[in-house]
Amino acid sequence: MANESNPFQEIISHCKEYGYIFQSSELYDGLSAVYDYGQMGAQLKKNLRDEWWKSMTQLHDNIVGIDAAIFMHPTVWKASGHVDNFSDPMIDNKDSNKRYRVDHLIEAHADTLETSAAKELLSEMDRLLAADDLAGLKTLIENNKIKCAVSKTSNWTDVRQFNLMFSTQIGSVAEEADTIYLRPETAQGIFVNFLNVQKTGRMKIPFGIAQTGKAFRNEIVARQFIFRMREFEQMEMQFFVRPGTQMEWYNYWKETRKKWHESIGIPSEKLRYHDHIKLAHYADAALDIEFEFPFGWKELEGIHSRTDFDLSQHAKYSKKKIQYFDNELNAEGKPYGNYTPFVVETSVGLDRLFLTVISLAYQEEKWTKEDGTEDSRVVMKIPAKIAPIKLAILPLLKKDGLPELASHLMDECKQQFHCFYEEKDAIGKRYRRMDAIGTPFCVTIDHQTKEDNTVTIRYRDTMTQERIPMDQVQRVVATACK
RNA sequence: GCGGAAGUAGCUCAUUUGGUAGAGCGAUAGCCUUCCAAGCUAUAGGUGGCCGGUUCGAGCCCGGUCUUCCGCUCCA
C-alpha cells in the first residue's frame, strides 16, 4: 500500500506488514541481503517445499530424497571446481572507480586485437589465472596498456581475489583448526552420496536424488529483495542417466519442470526458456526457466546437463571408483556394463519461487459499491493448495452461543488443515484481513446456524458467498486444496 | 563495490530561520452491531537509524557509520 509509484515496493511492504518476510536482524538495522521468513512466510515456503518434494519423490518411483549437511570436506570444493572457478580476480580503475573482472577486461581488449596477438594474450592470461599470479595479471594489463572504458586511463589498483564462498573453521583450537566452507550449492551433497544411495536403495539407472536445503554465496552485490540473497534455499534434483541419453532426459525435465510451475498456478505466458550460449565448465547443455518478475525476466530454475563432470571429478580426487554397472542389454545383446553416469540437474531457488508466487498473488482491487461510494482491498490470491492458512472461522457476533459453535467447527477442521479463528471486529474487517494474508476461504457462523446447521462460506477471489451445511465445510476446503 | 537520494510510532506522513515530537490509519481492551475496512470509549506505542562534533540548546547544522531505494557494476 506504501509506494504508489513502485508496485514491487508495495509487495515488499505488504510482505513485512502481514508477517511474510522481515529483514534479518532488523532490530540492529538489518543485515544486507539476508531475510527472515515470518509466521505467514514460513508456512507458505514450507508448502512450496512440500509440493516440490512430493512431486519429485512421491510421484516418481525412481527418485529418492536425501538431506546432506551444509559442512562438507574441503576437498569437495576443490573437486567441484568452486575453489578455482568460484572466485574471480578483480581490479579497480582508480579514476573512474569502476571494478572489472580481470578476465573480462583482458578478453574485451583481446577482441580489439588481431587473431594471433589476441590468442597469445589470452593464453598468457590463462596461464597466470591458473597459477593464481595476481601480480602477473596486473603486469599483463599494464604491459598491454589496457584502459578503463569510462575514464580512458590505465590507473589501476592491484588485482584482488574475491571468493564467493563463505568460510569458517572446524575444530575449537584456532591454530589447529581447518578452514571449511559453507556450501555454495547443494548439488555436491548429492554427488558425494551417489554410491551410498545407489547401493543402499538398490537404484537402477535412470534414477534421481532430490534434496532441499540452504546454500551460501558471498555476493558482491545482492539486491532485489529475496531474489538474490547471501543465504538461500535450493530445491534440486540430480538425475543420473546412461551416457548418450542425456539430451533426451534434458528435454524431458525441461518440459516436466515447466509444467510443475504451471501446476502451482504460474501462468504459462509468464514463463519462458532461456538457453545458455556460454556454458559453464561442467555442462554440455543448459537453460533457465525464467519468470517475468516485477523487475524483468529472471532465472527461476536452471536445467543443466552436467555430463559426468562431477562424478568423475570426485572419483579423481577421492581416488575411489564411482561407477554403475548397467545390466540392461544393448543392441548387440550385451550389458551396457560399467560407466560413469551422466547427470541432468534441475535446480529451483525456493526463495525465488516464493517471490514468484507472491508477486503473482498480490493485487489491489477497486470497485464502486451499490451506494456509489468507492471501495478497495488488497488481496493475495495465493492458490488454495499452497496458501498458508486455508480457512478462517468467524462467528458473526461474539455472543448468543455463536463463538461456541465456531470453536467446535475449528476443533474439527484444524485436524485437517491450517485454520484461523477470529471473533474480534466487524465481519467486513475480518474478511479484509484474511484477503491481505491470502486465506482462500472464510466461514461465518450466524443465528441461522443454530437452527439448521448451515454456515456461510465466502470465497476470497470472487468475494461471493453461499450457504452450505456445516458438516460439508471440511470436504469443500480439502477438495479445493488438492 | 562506485555515484545519487532517503531514514521521525507497526504503516503513511507532519513538525516552514536550531528551543526537549503530533495526526490519520493500524494495534490492544471494552461497548454496540445479523455478512465486506461502520460507530463510541479507553489504552499502549517514538532516548527522531546509530556514534560523535558544533551550540546555552540539535529531529533540523557538520562528520562518520548502518540500512534501504535509484543508476552503474556484478550475477561461474
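Bear in mind the structure is a predicted one, so any value in this text is a computation, not a measurement.
- Contact check for Gln465(A) versus Tyr431(A): side-chain heavy atoms found under the 4.5 Å cut-off.
- When rounded to the nearest whole Å, the span between CD of Glu17(A) and P of rG10(B) equals 12 Å.
- For the P atom pair drawn from rG3(B) and rG64(B), the interatomic distance equals 11 Å after rounding to whole Å.
- When base pairs are accepted only as Watson-Crick or G-U wobble with both N-N or N-O distances under 3.5 Å, RNA chain B takes part in stems of 3 or more pairs at B:1-7 with B:66-72, B:10-13 with B:22-25, B:27-31 with B:39-43, B:49-53 with B:61-65.
- In this structure, Thr439(A) and Arg433(A) have side chains that are not in contact, with every pair of non-hydrogen atoms separated by 4.5 Å or more.
- Proximity of Ser32(A) to the phosphate of rU68(B): a side-chain N or O atom is located under 4.0 Å from OP1 or OP2.
- Ring planes of Phe191(A) and His314(A): tilted class, angle from 30 to 60°.
- In this structure the side chain of Tyr181(A) reaches within 4.5 angstrom of the side chain of Val83(A), judged on heavy atoms.
- Here Arg433(A) reaches the OP1 or OP2 of rA27(B): one of its side-chain N or O atoms lies under 4.0 Å away.
- Partner of Leu271(A) under the side-chain contact (heavy atoms from CB on, under 4.5 Å) criterion, out of Glu290(A), Glu292(A), Lys258(A), Glu301(A): Lys258(A) alone.
- Looking at which nucleotide of RNA chain B each of Leu31(A) and Arg377(A) is closest to, the 5′-most match is held by Arg377(A).
- Atom CG in Asp36(A) sits about 15 Å away from atom C1' in rU67(B), given to the nearest Å.
- Between rG30(B) and Lys424(A), no contact under 4.0 Å exists linking OP1 or OP2 to a side-chain N or O.
- One interatomic measurement links the two molecules: CD1 of Ile427(A) to P of rC35(B), which rounds to 10 Å at whole-angstrom precision.
- Look at the P atom in both rG22(B) and rU43(B): the space between them is 16 Å, to the nearest Å.
- Spacing of C1' atoms, rC74(B) relative to rU65(B), comes out at 24 Å, to the nearest Å.
- In this structure the side chain of Ile209(A) never reaches within 4.5 angstrom of the side chain of Asn193(A), judged on heavy atoms.
- Note: CZ (Arg432(A)) to P (rA38(B)) measures 9 Å, nearest angstrom.
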Item to check | Chi angles and distances behind the salt bridge (Lys or Arg N to Asp or Glu O under 4.0 Å) call for Arg306(A), Glu185(A) | outcome: CA-CA 14 Å; Arg306(A) 296 179 73 125; Glu185(A) 65 173 31; 3.5 Å; yes

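- If you check every strand for non-hydrogen atoms under 4.0 Å, Asp435(A) touches nothing.
- A gap of 30 Å separates the C1' atoms of rA23(B) and rC70(B), to the nearest Å.
- Counting any heavy atom pair closer than 4.0 Å across all strands shown, Glu185(A) reaches a base atom.
- Put simply, the side chain of Thr456(A) does not reach to within 4.5 Å of the side chain of Gln448(A), judged on heavy atoms.
- If you measure from atom CE of Met434(A) to atom P of rA37(B), you get 15 Å, rounded to the nearest angstrom.
- With ring centers used as reference points, Phe293(A) lies under 6.0 Å from Phe295(A).
- Ring orientation note: the planes of Phe194(A) and Phe240(A) are tilted relative to one another, at an angle of 30° to 60°.
- Checked against rU33(B), rC75(B), rA37(B), the side chain of Arg228(A) finds its nearest nucleotide in rC75(B).
- Within residues 444-454 of chain A, the residues approaching RNA chain B are Thr444(A), Asp446(A), His447(A), by heavy-atom distance under 4.0 Å.
- Between Asn218(A) atom CG and rC74(B) atom C1' the separation is 13 Å, expressed in whole Å.
- Taking the nucleotide of RNA chain B with the nearest heavy atom to each of Val455(A) and Tyr282(A), the more 5' of the two is matched to Val455(A).
- Phosphate proximity of rC11(B) to Lys16(A): present, with a side-chain N or O under 4.0 Å from OP1 or OP2.
- Closest to the side chain of His82(A), out of rA76(B), rU34(B), rC35(B), is rA76(B).
- Side-chain contact check for Asp351(A) and Tyr37(A): at least one donor-acceptor pair (N or O, by modelled atom type) lies under 3.5 Å.
- rA38(B) and rA5(B) are spaced 41 Å apart, taking the C1' atom of each and rounding to whole Å.
- Other residues, nucleotides and ligands place more than 12 heavy atoms under 6.0 Å from the CD atom of Gln363(A).
- Here, rC69(B) and rU8(B) have their P atoms 15 Å apart, quoted to the whole Å.
- Side-chain to base pairing of Gln465(A) with rC35(B): one donor and one acceptor N or O lie within less than 3.5 Å of each other.
- Rounded to whole Å, the distance from CZ on Arg430(A) to P on rU34(B) is 13 Å.
- If you take atom C1' in rA76(B) and the same atom in rA6(B), they sit 35 Å apart, rounded to whole Å.
- Distances shown here put a side-chain N or O of Gln23(A) below 4.0 Å from the OP1 or OP2 atom of rU68(B).
- You'll find a donor-acceptor pair under 3.5 Å spanning the side chain of Arg458(A) and the base of rC36(B), going by distance alone.
- When the side-chain nitrogen and oxygen atoms of Lys429(A) are compared with OP1 and OP2 of rG26(B), one or more of them lie within a distance under 4.0 Å.
- Rounded to whole angstrom, the span from the OH atom of Tyr181(A) across to the P atom of rA76(B) amounts to 19 Å.
- Spacing of P atoms, rC72(B) relative to rU20(B), comes out at 45 Å, to the nearest Å.
- Comparing rC35(B), rA37(B), rU33(B) by their nearest atom to the side chain of Lys398(A) picks out rU33(B).
- Within 4.0 Å of Lys298(A), counting heavy atoms only, lies no atom of the nucleic acid at all.
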